[in-house]
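Note sheet for the following structure.
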Protein chains: 2
Amino acid sequence: MQAIKELDYRPNAMAKGLASSKTTMVGMIVPDLTNLYYAELAQGIDAVAKIYNYSVSLAVSDGNAKAEREAFDTLRSKQVDGVIYMGSNPSDEIMQLMVSSSVPVVFAGSVDPEGKFPSVNIDYIQAFSEAAGKLKENFEDSKIALVEDPDNSKLSQLRRQGFFKALPNGKTYQAEDEYQMGYNLGRRLLSDGIKAVIVAEDATAVGILNYVRDNHVEVPEDFQIISTSDTKLVKMTRPSISSVTQPKFDIGAVAMRLLTKLMSNQEVSDPAVILPHEFVLRETTK
Amino acid sequence: MQAIKELDYRPNAMAKGLASSKTTMVGMIVPDLTNLYYAELAQGIDAVAKIYNYSVSLAVSDGNAKAEREAFDTLRSKQVDGVIYMGSNPSDEIMQLMVSSSVPVVFAGSVDPEGKFPSVNIDYIQAFSEAAGKLKENFEDSKIALVEDPDNSKLSQLRRQGFFKALPNGKTYQAEDEYQMGYNLGRRLLSDGIKAVIVAEDATAVGILNYVRDNHVEVPEDFQIISTSDTKLVKMTRPSISSVTQPKFDIGAVAMRLLTKLMSNQEVSDPAVILPHEFVLRETTK
DNA sequence: TTGTATGCGTTATCAA
DNA sequence: TTGATAACGCATACAA
């Protein structure tokens, strides 16, 4: 203890890792850090990683299959003890890699299409069904649309399932998760006579809102919007956007906690954790 | 090559690291991932880290001295080959740790108070002076305010220096980098008769804008706003916010590139890189 | 060029 | 309980 002070000794993590075959490092695969949804998940992940003394190795996947694969590969070569996967549409390729890799994986705010991995999510079907229900009161089905990712991911399917459960005759539109894509879509929505939308991604929702407002349509009088991630964004617009809320920080935190259990071979009672969502009424609905 | 395929052999990064005393891992200290300014820097960092085959180990510092210290400590124990520091106000503590640690450090979008480390930034004095100049045309000095972080960091000093260079009789207000803090400050600004503000942080700027608008003040007619980070946020508000633009992705990228040079002991010609900024006129100024 | 031993800083094993 | 020693998987230096 004396010497440890005097020499400012610090254990060498690599030697430790080599000998114990544990790195106390987890990989975090994330599509895009500038997407606030994932950023907030990441904060939750980081927070509990700290508590359990894990470092987190970042791997931005851009949501494309190749980068995703490479991200997972470098994580593996780094001998991470586990990985948190985020992404709306995991490629078949990475799914295969993951199942065959033997490192524990948990999905955070992302749905595993085959249900092979533990995951933490909200009940998307229920959430989208409820959101659709709010709009049903004011408009006929055919005037209400779901704006979803162009991918045909399991997540998209769940959202659609919930949406159609409440609105069997609702419409669907595709737009990538970008502000400008939403803005561009606004034109089509208006010309198609759509009166209300549920939007899968916040940035897209803001884009739609701005297009609609820029074209002098009154919100919520003549057009209503419900967003479904409830990031900081939707509180910053005017009118502010009503939204399904998700406990994003907690989703990340619980996912990471789950992973720590897996990494220490503890039993996991329920591998598919569902956290509660809510609905916040703001100014784009009434 | 045959065997490498058959056995799906992957080199063990730890053994490699132990033997070569290189980890091909860099640490990234970031105050808050949900701050889009840092998120965009991080994307730039990650992009060139990939190119040079470095992994990046994430360490969220919350901008507080203790967490910052711990972040740096765990990075060191992980034997990272270098670290990218981000943060508006590095504590004395971490500065000391860094100088005494012998691992290469570069500051990205963050100013080193003592100029001891290589860094990548814009010319804050110039940028804030120019921004202030735009407002000077329309209002008298005493009606124009700089909204800055409450910390008295070197960065804040530079901003102030630029601001006062153009507006010797300008005012200053403090607000933490949060939407709500900006919103709250809005009240004081209006009651003090302020007519135009330059805001150091985007989220704060949006808060001010919304307060002002919510209280039926016309923007830009009766109140003008200039933001200075130009994150996605400022394009999403209505009116959209005029802003000093920063090449955030590039700042991160160049910082990481610089770090790779340092890590391979190459000479670095200019350790304090200044990247060009611009000004984008949007709807909160005229 | 190809092969062989030694060291990297720990953990883990086994003996004392 | 303590102490010595063999892995851990790769680099590196040296010998063949």
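Protein chains get the first letters and strands the later ones, always in sequence-line order, with residue 1 at the start of each. Source: prediction; values computed, not measured. Scope of the values below: all heavy atoms of this structure, side chains included, with no hydrogens, waters or symmetry mates.
Pairs of residues two or more places apart, or lying in two chains, never qualify as ring-ring contact (aromatic ring centres under 6.0 Å, His included) while including a residue from residues 12-50 of chain A. The side-chain hydrogen bond (donor to acceptor under 3.5 Å, both in side chains) pairs that include a residue from residues 92-106 of chain B are B/Arg69-B/Glu93, where partners are two or more places apart or lie in different chains.
Classification of A/Arg159 and A/Glu201 as a salt-bridged pair holds, one side-chain N sitting under 4.0 Å from a carboxylate O.
By the ring-ring contact (aromatic ring centres under 6.0 Å, His included) test, A/Phe117 is found to be paired with A/Phe107, residues two or more places apart in sequence or in another chain being considered. Residues forming a side chain to side chain donor-acceptor pair (under 3.5 Å) with A/Asn89 (at least two apart in sequence, or on another chain): none. Not counting sequence neighbours, the partners of B/Asp46 by the salt bridge (charged side-chain N to carboxylate O under 4.0 Å, His left out) test are B/Lys50. Every side-chain contact (heavy atoms from CB on, under 4.5 Å) that B/Gln126 has, sequence neighbours left out, goes to B/Asp123, B/Glu130, B/Lys165, B/His277. The side chain to side chain donor-acceptor pair (under 3.5 Å) check on A/Glu176 picks up nothing, with sequence neighbours excluded. In terms of the side-chain contact (heavy atoms from CB on, under 4.5 Å) criterion, residue partners of A/Lys232 (sequence neighbours excluded) are, by chain and number, A/Leu36, A/Glu40, A/Met236, B/Asp32, B/Thr34.
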When the side chains of residues 17-28 of chain B are checked against the rest of the protein, which donor-acceptor pairs come out under 3.5 Å, sequence neighbours left out?
unit_1, atom_1, unit_2, atom_2, d
B/Ser20, OG, B/Lys16, O, 2.7
B/Ser20, OG, B/Lys22, N, 3.4
B/Thr23, OG1, B/Met25, N, 3.3
B/Thr23, OG1, B/Gln79, O, 2.9
B/Thr23, OG1, B/Asp81, OD1, 3.2
B/Thr24, OG1, A/Lys78, NZ, 2.7

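Between chain B and DNA chain C, the heavy-atom contact criterion of under 4.0 Å yields a 5' to 3' nucleotide range of C/dG7 to C/dG9.
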What would the secondary structure line of DNA chain D be in dot-bracket form, counting Watson-Crick and G-U wobble pairs under 3.5 Å, with [ ] for pairs that cross earlier ones and | for pairs with another strand? ||||||||||||||.|
For nucleotides 9-13 of chain D, give me every protein contact, N/O to N/O, under 3.5 Å, one pair per line with atom names.
unit_1, atom_1, unit_2, atom_2, d
D/dG9, N2, B/Ala15, O, 3.3
D/dC10, OP1, B/Tyr9, OH, 2.7
D/dC10, OP1, B/Asn12, N, 2.9
D/dC10, O5', B/Tyr9, OH, 3.3

